[in-house]
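Quick note: numbers below take in every heavy atom, side chains included, and nothing from hydrogens, waters or symmetry partners. In listed order, ligands and their atoms are each counted from 1.
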Amino acid sequence: MMQFQRVADEIRRAIEQGRWHVGEALPSERKTAEEFGVSRSTVRRAWEELQSLGYVHWTAASAPIVVNIPLRPVPINPSLIGKDLPYRPSSTFLSDLMSAASSSARYNFEIGMPDPDLLPIHELQEIVRDLLSQHVREVFSYSPTQGIARVRQALSEEYLSRRGVAADPDNILITSGSLQGLDYVTSLLSRAGDYIVTESPTFAGALQIFASHGAQVLAVPMDEEGIRVEPLAQALAQHPVRMIYVQTFFHNPTSTVMSLARRQAVLALSQKYQVPIVEDDAYGFLATANPQPLYALAPGDAPVIYLNTLSKLLAPGLRVGMVVAPRDIIQYLSQRKQLGDLHTGTVTQLLVEGWLRSGNVTQHIARAQTIYASRMRIASELIRRRGLFLFGHPTGGFYLFVQLPKHINAYALHDYAAQRDVLFAPGEAFGIGDRYRGWIRLCVSALGTTAIQNGMARFFRMLDTFSP
Ligand SMILES: Cc1ncc(COP(=O)(O)O)c(C=O)c1O
């Protein structure tokens, strides 16, 4: 193989493995020549080759820009899929959870969603009626990729302001659920092989996203006040970390609230090491005392990107989430989104706007706070009385993270319980490797008091009768 072909081949492979994204420039001629130990004219021939293959656009004035990442044919044999990729397809945990959402199991502690009985059905019906009679053209039309301007305005004034997040509508991107926001933010901050810090345990969906980007996750242990400072400082000192992903309020799966002192320490470390924080505030609306997220506490120049969603407060099927960030970041994320789904559904955005402007949000939040806190109190008391180990002392939130007796395999118990009308999430998906193999997550938000009591009683009986 000629030298220029070898160079072109290696660069092509790096492009395919995601080292650079579309729109980014390759390293300069001089750097490339040094990296490969070849002459500059060889580099130029390699670039010509890449241009002729359609990977880059190159004018003699500067280094080539990546314009296309062609897909290579995927082998038909299913056992081969993944071997050839920079990462292996991660678990199907999230899609399994989506199946659990439509399960008819009587005691569904598996899926993390708001209580359907809290849905403001009459208000939503009225808003839909109004949209269909007064705004029908707009409702069924395309809308801007960044999100409809007046919906962003409503999110800023009626939702984010409640979290102390002062966001100009220009600094908001409406996403199709906050999961999409996290995916796009990860694609901005991290490349295959990069380090991302998370709490341990953490949201399984986030771990799946990080795995799909080929990131290496440094899972930092938590205690009752949130992510622990010393191991976090160590991780940041020892590795070139690209982002710190944290949930500050009613963390999934432990329902921990990060203490104010801890929030300040995390901010200070992110500033010291200049590592951006990606703050996921999906359950922040449940916060009463001391409610400021990192985004609100951070000094103006601190690198915090803030994610939120209406999935846990109103309804997950709407798929309305948001990213709040400086304008250039929002612009980059919008470019990603135009290739992903062009824009979040116009209908659901307008529905959310109508609800946010209805004047009933304060009351809805207050009800949700009271009801979920009471369910968590009842359920955690039952867990403790049974003598099972519960992570922390959650005072609200959706989830209880529980350690099973030593001999029990969570997956086997899951299947056994599912046949007996009780669903829960095995804990392994919330950590790296098998760290939480003996744990489970119980979600109590969507079950009434009696169902929680009966469902837990049935679950405890199963712990006695189940033999692995
Ligand atoms: C912490 C956290 N972030 C994000 C999400 C995803 O929410 P969305 O429905 O907005 O994509 C969830 C859902 O369980 C979650 O627990």
Could you tell me, atom by atom, which parts of ligand 1 come under 4.0 Å of a heavy atom of [X]?
{"X": "Ser311", "value": "8 (P), 9 (O), 10 (O)"}
{"X": "Thr309", "value": "8 (P), 10 (O)"}
{"X": "Asn252", "value": "14 (O), 15 (C), 16 (O)"}

Original post:
When you look for heavy atoms under 4.0 Å from ligand 1, do you find them on the side chain of Leu179, its backbone, both, or neither?
Top reply: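 It is both parts that get close, each with some atom under 4.0 Å.
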Subject >> Residue part near ligand 1, for Gln180, under 4.0 Å between non-hydrogen atoms >> reply: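 Gln180 to ligand 1: no contact under 4.0 Å from either part.
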Original post:
Which of these, Phe249, Phe398, Tyr283, Phe250, has its nearest heavy atom closest to atom 15 (C) of ligand 1?
Top reply: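 Nearest heavy atom to atom 15 (C) of ligand 1 lies in Tyr283.
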For [X] and [Y], which I'm curious about, is there any donor-acceptor pair between the side chains at under 3.5 Å?
{"X": "Gln146", "Y": "Lys337", "result": "no"}
{"X": "Ser259", "Y": "Glu225", "result": "yes"}
{"X": "Tyr283", "Y": "Ser255", "result": "no"}
{"X": "Arg336", "Y": "Ser187", "result": "yes"}
{"X": "Asn171", "Y": "Arg152", "result": "no"}
{"X": "Glu353", "Y": "Gln349", "result": "no"}

For ligand 1, is there an N or O atom under 3.5 Å from any N or O atom of [X]?
{"X": "Ser178", "result": "yes"}
{"X": "Ser176", "result": "no"}
{"X": "Gly177", "result": "no"}
{"X": "Lys312", "result": "yes"}

For [atom], what is the closest protein heavy atom, and at what distance to 0.1 Å?
{"atom": "atom 12 (C) of ligand 1", "value": "Phe203 CZ, 3.4 Å"}
{"atom": "atom 1 (C) of ligand 1", "value": "Gln247 OE1, 3.2 Å"}
{"atom": "atom 2 (C) of ligand 1", "value": "Asp280 OD2, 3.5 Å"}

**OP:** Flag the pair Phe250 / Phe285 as yes when their ring centroid distance falls below 6.0 Å, and as no otherwise.
**Re:**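 For Phe250 and Phe285, the ring centres are not under 6.0 Å apart.
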Original post:
Would Phe459 and Phe424 count as a close aromatic pair, with their ring centres under 6.0 Å?
Top reply: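 Under 6.0 Å, so yes.
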**OP:** Might you point out which heavy atoms bring Phe398 and Ser445 nearest each other, and give the distance in Å?
**Re:**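 Result for this residue pair: CD2-OG, 3.2 Å.
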**OP:** Check if Arg319 has a non-hydrogen atom at a distance under 4.0 Å from any atom of ligand 1.
**Re:**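 Yes, that is the case, since the closest heavy atom of the residue is under 4.0 Å from the ligand.
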